[in-house]
Amino acid sequence: DVIHNYIPKKYIPISLVASYSGLRRSNLCGWNKKKLNPNALRKKDVNFKEGITVIAGRRKKRAVFVPMNDKLKAAFDLVPTPLRPDDLWFPNIEASAWTIGVRRGFHDKGIDFGSPHHFRHAYACWLLNNGVHLKTVSNLLGHAQLSTTEIYARLENKTLMKDVCRVFSTNLTQTG
């Protein structure tokens with residue numbers, strides 16, 4: 001709702017790609033502090049049949065692969081396609097301007113906090129709440145340490161209860 005109704009139209013495609021890929025702002029924006037971002041997503045990084053491969057992480061040493069899914073593909077369909085392999089997907093998006101647009105969008109919706117990084121949190125939490133293993137989510141996010149991914153593990157009570165009941169039921173049945 002925030003993306004489609006409160007964030008400026010210019011930032012909708014990049015926000016959707018962030019939401020459905022979990023990529024960092026540094027992997028999406030073409031510019032940061034008026035300098036060309038060398039780690040920004042380029043046409044050659046995206047394979048619509050397989051997924052996205054980028055160098056990610058704060059130290060830029062880890063290759064990250066994000067599998068393509070229907071929602072992610074639909075988000076890319078909103079972007080005019082770059083023609084050459086080295087063209088940026090979001091060449092006119094400056095990191096701080098996108099952040100301001102997203103923050104204002106969340107604020108206008110009545111949410112006092114919000115930034116492009118919250119799309120990454122939402123992606124990780126959604127995967128974890130739907131049964132994706134923590135180690136898999138860690139790999140998708142490009143974290144070097146599993147403990148970093150645990151920060152994102154805000155599971156819903158419903159999910160926690162279901163998992164606890166399943167484990168106890170299975171174990172008690174097997175031992176009983």
Side-chain angles (χ1 to χ4, degrees), residues 1-57 60 62-111 113-133 136-143 149 152 156:
D1 181 44
V2 172
I3 292 174
H4 290 289
N5 297 313
Y6 295 93
I7 291 177
K9 289 184 187 231
K10 174 181 181 177
Y11 301 128
I12 290 174
I14 192 172
S15 296
L16 289 171
V17 169
S19 294
Y20 299 134
S21 69
L23 291 175
R24 287 183 171 90
R25 183 179 83 162
S26 62
N27 284 118
L28 294 171
C29 292
W31 297 88
N32 192 11
K33 298 179 182 175
K34 299 184 181 183
K35 295 180 183 175
L36 183 63
N37 179 0
N39 300 309
L41 192 65
R42 299 181 183 279
K43 182 180 181 203
K44 66 183 177 183
D45 300 328
V46 179
N47 179 323
F48 288 107
K49 292 180 182 172
E50 295 180 20
I52 302 170
T53 304
V54 293
I55 302 299
K60 312 292 184 238
R62 301 179 65 80
V64 172
F65 176 77
V66 178
M68 187 58 62
N69 60 66
D70 292 338
K71 290 188 180 219
L72 183 55
K73 183 170 181 341
F76 275 112
D77 287 343
L78 297 174
V79 182
T81 307
L83 300 174
R84 298 173 300 229
D86 282 330
D87 284 349
L88 298 173
W89 276 99
F90 305 103
N92 300 320
I93 305 291
E94 204 278 325
S96 62
W98 178 38
T99 298
I100 291 168
V102 170
R103 284 185 177 159
R104 285 184 181 156
F106 275 98
H107 185 303
D108 291 350
K109 171 65 176 168
I111 302 169
F113 57 91
S115 71
H117 197 72
H118 283 87
F119 301 138
R120 187 169 165 82
H121 276 273
Y123 172 80
C125 291
W126 189 86
L127 291 173
L128 291 167
N129 282 318
N130 284 282
V132 177
H133 192 274
T136 302
V137 175
S138 183
N139 287 336
L140 289 169
L141 296 175
H143 290 157
T149 311
Y152 294 82
E156 297 173 352

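Everything numeric here is computed off the predicted structure, so don't read it as measured data.
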> Salt bridge or not between D108 and R104? Use side-chain N to carboxylate O under 4.0 Å.
no

> What's the spacing between T136 OG1 and L127 CG if we round to 0.5 Å?
9.0 Å

> Can you spot which of L28, L41, V17, I14 makes a side chain to side chain contact (heavy atoms under 4.5 Å, CB included) with W89?
L41

> Using salt bridge (charged side-chain N to carboxylate O under 4.0 Å, His left out) as the criterion, list what pairs up with K71, not counting sequence neighbours.
none

> Quick check: do L141 and V64 have side-chain heavy atoms less than 4.5 Å from each other?
no

> Considering all heavy atoms of both residues, which atom of A40 and which atom of C29 are nearest to each other, and what is their separation?
CB-O, 3.1 Å

> Heavy-atom count around N5 CG within 6.0 Å, excluding the residue itself: above 12?
yes

> Quick one: which residue pairs count as a salt bridge (Lys or Arg N to Asp or Glu O under 4.0 Å) with a foot in residues 86-97, not counting sequence neighbours?
K44-D86, R84-D87

> In Å, rounded to the nearest 0.5 Å, how long is the span from CD1 of I3 to OG of S15?
5.0 Å

> Where do A97 and Y11 come nearest, in terms of heavy atoms and distance?
CB-OH, 3.4 Å

> Evaluate the side-chain proximity of L140 to P67: yes if any heavy-atom separation is below 4.5 Å, no if none is.
yes

> Hey, could you give me the CD1/CH2 distance between I93 and W31, rounded to the nearest 0.5 Å?
12.5 Å

> Can any side-chain N or O of N27 pair as donor or acceptor with the backbone N or O of I55 at less than 3.5 Å?
yes

> To the nearest 0.5 angstrom, please state how far the OG1 atom of T81 sits from the CZ atom of F76.
10.0 Å

> Distance from H133 atom NE2 to T149 atom OG1, nearest 0.5 Å?
11.0 Å

> Quick one: closest heavy-atom pair of L88 and R42, and the distance?
CD2-NH1, 3.3 Å

> Go through it in stages, so that I can follow the logic: the residues are M68 and V46, the test is side-chain contact (heavy atoms from CB on, under 4.5 Å), and I'd like the CA-CA distance, side-chain angles, deciding distance and then a yes or no.
CA-CA 9 Å; M68 187 58 62; V46 179; 3.8 Å; yes

> What verdict does the side-chain contact (heavy atoms from CB on, under 4.5 Å) test give for H117 and T99, after you've listed the backbone C-alpha separation in whole Å, the side-chain angles of each residue and the deciding distance to 0.1 Å?
CA-CA 9 Å; H117 197 72; T99 298; over 6 Å; no

> Under the 3.5 angstrom rule, does the side chain of R25 hit a backbone N or O of S115 as a donor-acceptor pair?
no

> For the pair Y123 and V66, evaluate side-chain contact (heavy atoms from CB on, under 4.5 Å) and give the outcome as yes or no after the intermediate values.
CA-CA 12 Å; Y123 172 80; V66 178; 3.9 Å; yes

> Between CH2 of W126 and OH of Y20, what distance do you get to the nearest 0.5 Å?
9.5 Å

> Which of parallel (below 30°), tilted (30 to 60°) and perpendicular (above 60°) describes H121 and H118?
tilted

> Could you report the tightest heavy-atom contact between P116 and V102, atom names first, then the distance?
N-CG1, 3.8 Å

> On a heavy-atom basis, which atom in L16 and which in A75 lie closest, and how many Å separate them?
CB-CB, 3.6 Å

> Take S26 and N39, measure what side-chain contact (heavy atoms from CB on, under 4.5 Å) needs, and give me the verdict at the end.
CA-CA 7 Å; S26 62; N39 300 309; 5.6 Å; no

> Mind listing the closest non-hydrogen atom pair of F48 and K73 along with its distance?
CD2-CG, 3.9 Å

